[in-house]
Amino acid sequence: MSDINEENIINTELEAIQNTESDLINNYKEYYVYEYYIEESNEVFYVGKGKGNRAWKDVRNPECEKIKAEYEWKVRIVEEGITEDEALSIERDLIEKYRASGVMLTNIMPGGVKPTEKEAIGYVKYLSFLVEKGVLQMSLVDISNLLLLNQSTVWQIVNSEHYTDIDPLLPENINEIIHKYHVNSYTDDQIRVGNIKYILDLIEKDVLKLSQAQLAEYYEVTPSNVSSIKKGKTHANVPLLIPDNVGDIFKRFDVFYVSEEEKIRGMIMFIIRLRNEGILRMTNRDIGRVLEVSDYLVAEFNRTNEDRKYVAKEYRPDAEIMAKLIPYFVVK
DNA sequence: TGTTAAATCCGGGCCGGTTT
DNA sequence: AAACCGGCCCGGATTTAACA
């Protein structure tokens, strides 16, 4: 009896030793975390973990590959000589950090965990369930790209009886997936139209200074497209959508920017006001000479028939012009 | 829906005749 | 002499219409 017990104890100990060994092997610090970044702008677009030459080989998801094809990019090792678990955790943290700070990563599966086959099948089932329920708008191709599966595999999972014993499985990154593929999401074209509507609204409100033609050029559409969009003749169902780069547009079309022409007109307004207030004594011709414009033009700002009178925002002349005005000041 | 060309709109600028 | 005022032209911006 005691012999048997001893044997059991020894076996258990042996097992424990073996487990420790395999733990050691599994935890061997050969993993690293890497990221892909665009050389020119230093923008990170993908974060991953791996060992060996994983960072430099294989394709990633389509969006990531698109950027790889479009830009000069490089690999950067963020952390190395770590265990798989550490790598995973660092990778997740890093992705979270980037996402929180607004960096648009192309990572689809956070943590870069390659799902097991069984999990992948579960995900496919879950996603096709959401498609069926009208929650998501995804084609089978979308699903296969998302899960890095073969298209025909996805078709098999959805349409054949071979996988009935596997239950739908909620994907970890369901949040991102729904945001990207929900039924009310918009295509790139629709987003562009929504952006145009948004800017049109700001033009209407005099918050931005640009013509519809400029807007059309900015978004690489024709002015008549913009006109139709504005009138709701096309894309009536697309709402206003804030452009991602709305700040750039504000900088480019700043409503308070004053062009040289506007300055001239503003100065005419300024001088005419001073003349009307009796501060300056000048003829239209005098004003024309000082500002190097025709006296005809000056007269337009001084019309008595209001409907044709030119109006501009007053602009205070610089020192040089002011100096030229000095002889015309009325001495009291 | 989108493209293209033509039509229309509209403001800027200039002019000449008339008035101040 | 300077200002006033309607007319007119030009050209860019926008809209419309015809059509793939």
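Here is the naming used below: chain letters follow the sequence lines, and residue numbers restart at 1 for every chain.
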## Note on the structure
With the side chain defined as heavy atoms from C-beta on, A:R275 is closest, among C:dA3, B:dG13, B:dT1, to C:dA3
### Task
Mind calculating the distance between CG (A:D295) and P (C:dA3) to the nearest angstrom?
9 Å
### Query
Which one, C:dT14, C:dT16, B:dT3, comes nearest to the side chain of A:N225?
B:dT3
### Message
Could you check whether A:T283 and A:D286, counting side-chain N and O atoms only, form a donor-acceptor pair closer than 3.5 Å?
### Response
yes
### Query
Can A:T153 and A:Q156 be counted as having a side-chain donor-acceptor contact under 3.5 angstrom?
no
### Query
Starting at CG of A:L297 and ending at P of B:dC15, how long is that distance when rounded to a whole Å?
12 Å
### Query
Between C:dG6, B:dT1, B:dC15, which nucleotide gets closest to the side-chain atoms of A:R303?
C:dG6
### Query
Rounded to the nearest 0.5 Å, how far apart are CD of A:E217 and CG of A:L215?
10.5 Å
### Task
Would you state whether a donor and an acceptor, one from the side chain of A:R308 and one from the base of B:dG11, lie under 3.5 Å apart?
no
### Query
If you check every side-chain atom of A:Y296, which of C:dT16, B:dG13, B:dC15 has the closest atom?
B:dC15
### Message
Among C:dT15, C:dG6, C:dA3, which nucleotide has an atom closest to any side-chain atom of A:N305?
### Response
C:dG6
### Message
Here's one to test your reading of the geometry: is the NZ or CZ of A:R316 within 45 degrees of the ring axis of A:F270 and under 6.0 Å from its centre?
### Response
no
#### Entry: Distance, rounded to the nearest Å, where A:I272 contributes CD1 and C:dA3 contributes C1'
12 Å
### Pair of N/O donor and acceptor under 3.5 Å linking B:dT4 base with A:S224 side chain
yes
#### Entry: Between C:dA13 (C1') and A:L200 (CG): distance, integer Å
13 Å
### Message
Heavy atoms from C-beta onward define the side chain here; which of B:dG12, B:dT1, C:dT15 lies closest to that of A:R265?
### Response
B:dG12
### Task
Pick base, sugar-phosphate or nothing for A:K233, based on heavy-atom distances below 4.0 Å to the nucleic acid.
sugar-phosphate
### Query
Between A:E300 (CD) and B:dG11 (C1'), how many Å, whole number?
11 Å
### Task
Assign each of A:Q214 and A:T283 to its nearest nucleotide of DNA chain C by heavy atoms, then name whichever residue's nucleotide is nearer the 5' end.
A:T283
### Query
Which listed nucleotide (C:dC4, C:dT15, C:dT14) is nearest to the side chain of A:N302?
C:dC4
### Task
Could you state the atom-to-atom distance from CD1 of A:I264 to C1' of B:dG13 in whole Å?
15 Å
### Task
Would you mind classifying the nucleic acid contact of A:A299 as base, sugar-phosphate or nothing, using non-hydrogen atoms under 4.0 angstrom?
nothing
### Message
I'd like to know if A:R265 pairs up with A:E262 as an ion pair, taking the criterion as any Lys NZ or Arg NE/NH1/NH2 lying under 4.0 Å from an Asp or Glu carboxylate oxygen.
### Response
no
### Task
Map A:D307 and A:K230 onto DNA chain C by nearest heavy atom, then report which one ends up closer to the 5' terminus.
A:D307
### Query
Side chains of A:N284 and A:R275: donor-acceptor distance under 3.5 Å anywhere?
yes
### Message
Which is more 5' along DNA chain B, the nucleotide nearest A:T222 or the one nearest A:A236? Just name the residue.
### Response
A:A236
## Note on the structure
note: A:E262, atom CD; B:dG11, atom P; distance rounded to Å ~ 15 Å
#### Entry: Atom-to-atom span, NZ of A:K309 to P of B:dG13 - whole angstrom
17 Å
### Task
Look at all strands and tell whether A:S294 reaches a base, only sugar-phosphate, or nothing, counting heavy atoms closer than 4.0 Å.
sugar-phosphate
### Message
Quick check: any donor-acceptor pair below 3.5 Å linking the side-chain of A:Y310 to the base of B:dG13?
### Response
yes
